[in-house]
*Asks:* 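Just dropping this structure here.
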Amino acid sequence: MSDKKVRVRFAPSPTGGLHLGGVRTALFNYLFAKQQQGDFILRIEDTDQSRYVDGAEAYVAECLQWCGLTPDESPAVGGPYAPYRQSERKSIYREYAEKLVSQGHAYYAFDTPEELEQNRREIPNFQYGQVYRDGLRNSLSLTEHQVDELLDAHTPHVIRIKMPADERVSFTDMIRGQVSFETNQVDDKVLLKADGMPTYHLAVVVDDYLMKITHAFRGEEWLPSAPVHLLLWDYLGWKAEMPQWAHLPLILKPDGHGKLSKRDGARLGFPVYAMTWFDGKTGELTPGFRELGFLPEAFINLLATLGWNDGTDQEIFTIDELIAKFSLDRVSKAGAKFDFEKAKWFNGEWIKKVKGERLKVKVKSVLEEKGVVVSEDEYLLKVIDKIKDRCVLLPDFYQQAAYFFEQPKEYDVNAVKPKWTDAKTEFFIRFITILGREEVWDEATLETAFKALAEEKAIKTGELMLPFRIMLVGGKFGPHVFDIAALLGKVETITRIEKGLGVFTA
RNA sequence: GGCCCGUUCGUCUAGGGGUUAGGACGUUAGAUUUUCAUUCUAGAAACAGGGGUUCGAUUCCCCUACGGGCUACCA
C-alpha cells in the first residue's frame with residue numbers, strides 16, 4: 001500500500017430508491033476512509049439518461065445524511081475534482097475513448113441495436129468480441145475509407161474496447177485474493193455510447209483516475225467486468241495508479257435465492273430501501289427503514305455486521321467503534337441472506353442502549369402523528385425511560401406511551417369483568433379516598449397503600465392489580481402499574497379509577 | 001450454455017490439521033416480572049459429497065454437487 005491519501009467513492013446511479021446493499025457499500029467505503037483518515041466521495045453515475053429519475057440524487061444524499069455517512073466531496077458540497085455528476089463530465093470521456101481507438105485498443109462500431117439483437121437471437125452464445133467482431137460493422141472489419149465515410153456522415157456509432165486475444169488478466173481483490181480471467185472469454189464492451197455518454201466501464205476508470213481514487217469497493221456483481229476495467233487502466237497508461245479493488249459479497253433474499261430486490265420487500269413484508277421512496281411515475285410508494293421506525297445507529301450496525309465481524313462476540317457497535325475496528329480481511333466472501341428478524345433485534349437493542357433524550361423528538365412525532373398531544377418534554381422523557389425497553393421499532397412507542405397522555409379509549413373488559421365483585425368496587429372506591437389524602441406520590445407509597453387496603457378488605461392483591469392496570473392503561477401491558485400511577489399523578493389516577501369503575505360495573 | 005465467485009446450526013457468523021466446533025437472531029423449556037415486554041438459565045440445531053495430502057482433516061489440494069453473479073449503446 002502506498003502512502004497516498006486514501007480516497008474512496010460511493011457511486012450510485014440515481015434511478016430510484018437506495019437499496020440496503022447500496023447503503024452497505026457506502027458504509028464500508030466510509031468506514032475504510034475514516035479509519036485511514038481519508039476522503040469519502042459521493043459521485044453520481046447518471047450516464048444513462050433513459051434511466052434517470054428526478055429526485056433520486058437528492059434522495060441518495062438524504063439517505064447518506066440520515067445514516068451519518070457524510071461525504072467530503074459531492075455534487076452538493078463540491079470539491080477539488082468537481083463536477084461529481086458524470087452527466088456533467090460528459091465532454092471529458094470522449095478524449096480517452098478516442099485515444100484508445102488511435103492506440104488500437106478500441107474501435108468504432110456501427111451496428112444498430114436491432115442488428116445486435118438479431119445476432120443474439122440467432123447465434124447461440126453470441127458475443128461481440130474475438131469470434132464475431134470481424135463479421136460485424138466496425139472499424140476493424142471495414143476499410144479506413146468506409147469508416148471515414150460513415151463517420152463523416154455522422155452515422156450513429158459506439159466505441160468498443162478491443163479485448164486482446166489469449167491473455168490472462170488477473171488482480172488481487174482485497175476480499176477475494178487472486179482473481180483471473182481469460183480475455184478470450186470477455187466481450188468487447190461498449191465504452192462510449194452513440195449519444196456520446198460513456199458507459200459505466202469507461203466512466204468508472206476515467207473518473208477514478210481523475211479523482212485520485214485509491215480503493216474501490218463495489219458489489220460482487222461487478223466482478224465479471226473487472227478485466228475490462230483492468231485493461232482500461234493499463235491501456236490508458238495509469239496502471240500504477242489503479243485503485244485496489246474490493247468486491248463485496250451480495251445481500252441475498254431471505255427465502256429462495258438471488259439478490260435481494262425491492263420486490264422481495266413487498267412480498268415478504270420488510271423494507272429494502274433505506275428511506276421510503278415515492279415513484280412519481282407509477283405513484284408507487286416503497287417503504288424504507290427510516291419510516292418504519294429504525295434508528296440510523298441500528299441500521300448502520302446491522303448493515304455493518306452483514307458480511308463483516310470483528311472476530312469477537314460483539315454485535316452492537318457504534319459508528320466510532322466500526323471506524324476503529326473495520327477491516328477488509330474480516331469481510332466474508334459469501335453472500336448473506338437478509339434476516340429482518342435480526343434487523344429488528346438490532347433496533348430494539350439500540351432503543352434500549354440510546355438515551356431517552358436521543359429518542360425524544362422521534363417519539364414525539366410518532367405520538368403526534370397519531371393525534372396524541374405531548375405538552376411537556378420532561379414528562380415525555382420520563383415516559384420514554386420507563387417504556388423504551390419494551391419497544392423494538394419507533395412506532396411501538398405509540399401503544400406503549402399513548403396512555404400516559406390520554407385516557408384509554410378502550411378497555412380490555414374481558415380481562416376483569418367476569419371476575420368482578422362488589423367487594424372490588426368497594427375496594428376501589430375506598431382506594432380513591434385514600435389516594436385523595438395521599439401527600440407523597442411515588443411508586444412505593446402507592447404500592448404500600450394499595451396492599452394495605454387489600455389486606456384490610458381481605459382481597460388478594462393479585463385480584464386487584466390487573467383491574468387497576470386496565471383502568472390506567474386500558475390493556476394488559478405496560479410497566480409496573482404503580483410506576484404508571486406515579487407518573488400519571490394523583491388527579492389523573494383518581495379520574496381513571498373512577499372512569500374504569502364505571503366501565504367495569506356497567 | 002459460457003465465464004467468474006462462493007459453500008460451518010433455519011439465518012448471520014467465529015474457528016481452524018488433533019476443539020465437548022463457539023456466539024448471535026429465531027425457536028423450545030424453565031425462572032423472574034401478581035400484565036406484557038425486558039432480563040436470566042437451560043435445550044434442540046451445522047462443517048454439501050467424493051477423492052487425495054497427513055499419524056490425524058471441518059480446516060490444505062483436486063473433482064463433483066449445489067448456490068449466486070455476469071453474459072445491454074443499465075449501472
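Heavy atoms only: backbone and side chains are in, while hydrogens, waters and symmetry mates are out. Note that the coordinates shown come from a computational prediction; the quantities given were computed from them, not determined experimentally. Throughout, a chain's letter reflects where its sequence line sits, starting with A, and its residues are numbered from 1.
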*Asks:* Base, sugar-phosphate, or nothing: which does A:Asn125 touch, judged by heavy atoms less than 4.0 Å apart?
*Replies:* base
*Asks:* Can you check the distance between B:rG26 and B:rC40, where both ends of the measurement are the P atom (answer in whole Å)?
*Replies:* 12 Å
*Asks:* Are A:Tyr403 and A:Phe477 an aromatic pair by the rule of ring centers under 6.0 Å?
*Replies:* yes
*Asks:* Across all strands shown, which nucleotide pairs with B:rU53 by Watson-Crick or G-U wobble geometry, both distances under 3.5 Å?
*Replies:* none
*Asks:* Counting any heavy atom closer than 4.0 Å, what does A:Val190 reach on the DNA or RNA strands: base, sugar-phosphate only, or nothing?
*Replies:* sugar-phosphate
*Asks:* State which of B:rC70, B:rC73, B:rC25 makes the closest approach to the side chain of A:Arg160.
*Replies:* B:rC73
*Asks:* Report which part of the nucleic acid A:Gly478 touches: base, sugar-phosphate, or nothing (heavy-atom distance under 4.0 Å, all strands).
*Replies:* base
*Asks:* A:Arg51 side chain: which of B:rG69, B:rU34, B:rA75 is closest?
*Replies:* B:rA75
*Asks:* Return the value, rounded to whole Å, for the distance between atom CH2 of A:Trp350 and atom P of B:rU38.
*Replies:* 20 Å
*Asks:* Suppose we screen for side-chain contact (heavy atoms from CB on, under 4.5 Å). Which residues come up paired with A:Val131, at least two apart in sequence or across chains?
*Replies:* none
*Asks:* For A:Ala343 and A:Asp389, find the nucleotide of RNA chain B closest to each by heavy atoms; which residue's nucleotide sits nearer the 5' end?
*Replies:* A:Ala343
*Asks:* Is the centre of the A:Phe317 ring less than 6.0 Å from the centre of the A:Trp308 ring?
*Replies:* yes
*Asks:* Could you check which of B:rU39, B:rG68, B:rC12 has an atom nearest any side-chain atom of A:Glu349?
*Replies:* B:rU39
*Asks:* B:rU35, B:rA75, B:rC73: which one has an atom nearest the side-chain heavy atoms of A:Pro113?
*Replies:* B:rC73
*Asks:* Please encode protein proximity along nucleotides 4-10 of chain B as a string of B, S and -, counting only heavy-atom distances under 4.0 Å.
*Replies:* SBSS---
*Asks:* Fit a plane to each ring of A:Tyr128 and A:Phe126, take the angle between them on a 0 to 90° scale, and name the class: parallel (under 30°), tilted (30 to 60°) or perpendicular (over 60°).
*Replies:* perpendicular
*Asks:* Go nucleotide by nucleotide along RNA chain B from the 5' end; which of A:Lys476 and A:Gly258 gets its closest nucleotide reached first?
*Replies:* A:Lys476
*Asks:* Only counting residues at least two apart or in another chain, list the ones meeting ring pair (Phe, Tyr, Trp, His ring centres under 6.0 Å) with A:Tyr59.
*Replies:* A:Trp277
*Asks:* Round to a whole Å and report the spacing from CG of A:Asn347 to P of B:rU38.
*Replies:* 15 Å
*Asks:* Would you say a side-chain N or O of A:Lys388 is under 4.0 Å from OP1 or OP2 of B:rA37?
*Replies:* no
*Asks:* Give A:Thr47 one of three labels, base, sugar-phosphate or nothing, depending on what nucleic acid heavy atoms sit under 4.0 Å from its own.
*Replies:* sugar-phosphate
*Asks:* Could you measure between the two P atoms, the one in B:rU38 and the one in B:rG1, and give it in whole Å?
*Replies:* 48 Å
*Asks:* Please classify the nucleic acid contact of A:Gly307 as base, sugar-phosphate, or nothing, using heavy-atom distances under 4.0 Å.
*Replies:* sugar-phosphate
*Asks:* Need one value for A:Pro479: base, sugar-phosphate or nothing, where a base atom within 4.0 Å counts as base even if backbone is also close, heavy atoms only.
*Replies:* base
*Asks:* So, OP1 or OP2 of B:rU33: does either fall under 4.0 Å of a side-chain N or O from A:Arg469?
*Replies:* no
*Asks:* If you look at every strand shown and take non-hydrogen atoms under 4.0 Å, does A:Lys259 touch a base, only sugar-phosphate, or nothing?
*Replies:* sugar-phosphate
*Asks:* Between B:rU11 atom P and A:Leu252 atom CG, what is the distance in whole Å?
*Replies:* 11 Å
*Asks:* Would you mind pulling out the nucleotide paired to B:rG1, Watson-Crick or G-U wobble, both distances under 3.5 Å?
*Replies:* B:rU71
*Asks:* Taking the minimum atom-to-atom distance to the side chain of A:Arg330, which one of B:rG15, B:rG26, B:rA75 wins?
*Replies:* B:rG15
*Asks:* Between A:Lys253 (NZ) and B:rC12 (P), how many Å, whole number?
*Replies:* 15 Å
*Asks:* Does A:Phe431 have its ring centroid less than 6.0 Å away from the ring centroid of A:Phe468?
*Replies:* yes
*Asks:* Could you check whether A:Phe450 and A:Phe427 have their ring centres less than 6.0 Å apart?
*Replies:* yes
*Asks:* A:Phe338 vs A:Phe340 aromatic rings, parallel, tilted or perpendicular, using cut-offs 30° and 60°?
*Replies:* tilted
*Asks:* What integer number of Å spans the P atoms of B:rU13 and B:rU19?
*Replies:* 26 Å
*Asks:* Does A:Lys193 have a side-chain nitrogen or oxygen under 4.0 Å from the phosphate oxygens OP1 or OP2 of B:rA75?
*Replies:* yes
*Asks:* Can you check the distance between B:rA37 and B:rU28, where both ends of the measurement are the P atom (answer in whole Å)?
*Replies:* 12 Å
*Asks:* Check every atom of B:rG26, B:rG68, B:rU38 against the side chain of A:Lys352 and return the nucleotide holding the closest atom.
*Replies:* B:rU38
*Asks:* How is A:Ser332 classified with respect to the nucleic acid when contacts are heavy atoms under 4.0 Å: base, sugar-phosphate, or nothing?
*Replies:* sugar-phosphate
*Asks:* So what's B:rA48 paired with, Watson-Crick or G-U wobble, going by both distances under 3.5 Å?
*Replies:* B:rU64
*Asks:* A:Asp208 pairs by side chain to side chain donor-acceptor pair (under 3.5 Å) with which of A:Arg9, A:His229, A:His215?
*Replies:* A:Arg9
*Asks:* Is the distance between the ring centroids of A:Trp222 and A:Tyr200 under 6.0 Å?
*Replies:* yes
*Asks:* Whom does B:rC25 pair with, Watson-Crick or G-U wobble, provided both distances fall under 3.5 Å?
*Replies:* B:rG10
*Asks:* Apply side-chain contact (heavy atoms from CB on, under 4.5 Å) to A:Gln400 and A:Lys388, showing your working.
*Replies:* CA-CA 8 Å; A:Gln400 296 296 337; A:Lys388 70 193 190 70; over 6 Å; no
*Asks:* Between A:Glu297 and A:Lys353 (salt bridge meaning N to carboxylate O under 4.0 Å), is one present in this structure?
*Replies:* no
*Asks:* Is there a Watson-Crick or G-U wobble partner for B:rU58 with both distances under 3.5 Å, and if so, which one is it?
*Replies:* none
*Asks:* Separation of A:Met163 atom CE from B:rG2 atom P, in whole Å?
*Replies:* 20 Å
*Asks:* Just the rounded figure in Å: distance from C1' of B:rU71 to CG of A:Asp187.
*Replies:* 7 Å
*Asks:* Figure out the CZ/C1' separation between A:Phe346 and B:rG26, and round it to whole Å.
*Replies:* 13 Å
*Asks:* What's the gap between B:rG50 and B:rA57 when it is taken at their P atoms, as a whole Å value?
*Replies:* 13 Å
*Asks:* Does any nucleotide pair with B:rU39 by Watson-Crick or G-U wobble geometry, both distances under 3.5 Å, and what is it?
*Replies:* B:rA31
*Asks:* Does any N or O donor sit under 3.5 Å from an N or O acceptor when you compare the side chain of A:Thr461 with the base of B:rU34?
*Replies:* yes
*Asks:* Can you tell me, in whole Å, how much space there is between the P of B:rG22 and that of B:rU64?
*Replies:* 33 Å
*Asks:* Could you state the CD1-C1' distance from A:Ile387 to B:rU33, rounded to the nearest angstrom?
*Replies:* 18 Å
*Asks:* Which part of the nucleic acid, if any, lies within contact of A:Thr305, taking any heavy atom under 4.0 Å across all strands shown: a base, the sugar-phosphate backbone alone, or nothing?
*Replies:* sugar-phosphate
*Asks:* Touch check for A:His480, heavy atoms < 4.0 angstrom, all strands: base, sugar-phosphate only, or nothing?
*Replies:* base
*Asks:* On a whole-Å scale, what distance lies between the P atoms belonging to B:rC73 and B:rG68?
*Replies:* 25 Å
*Asks:* With hydrogens left out and only the distance checked, is there a donor-acceptor pair under 3.5 Å joining A:Lys189's side chain and the base of B:rA72?
*Replies:* no
*Asks:* Say you pick atom P in B:rG15 and the same atom in B:rC9; how far apart are they, in whole Å?
*Replies:* 15 Å
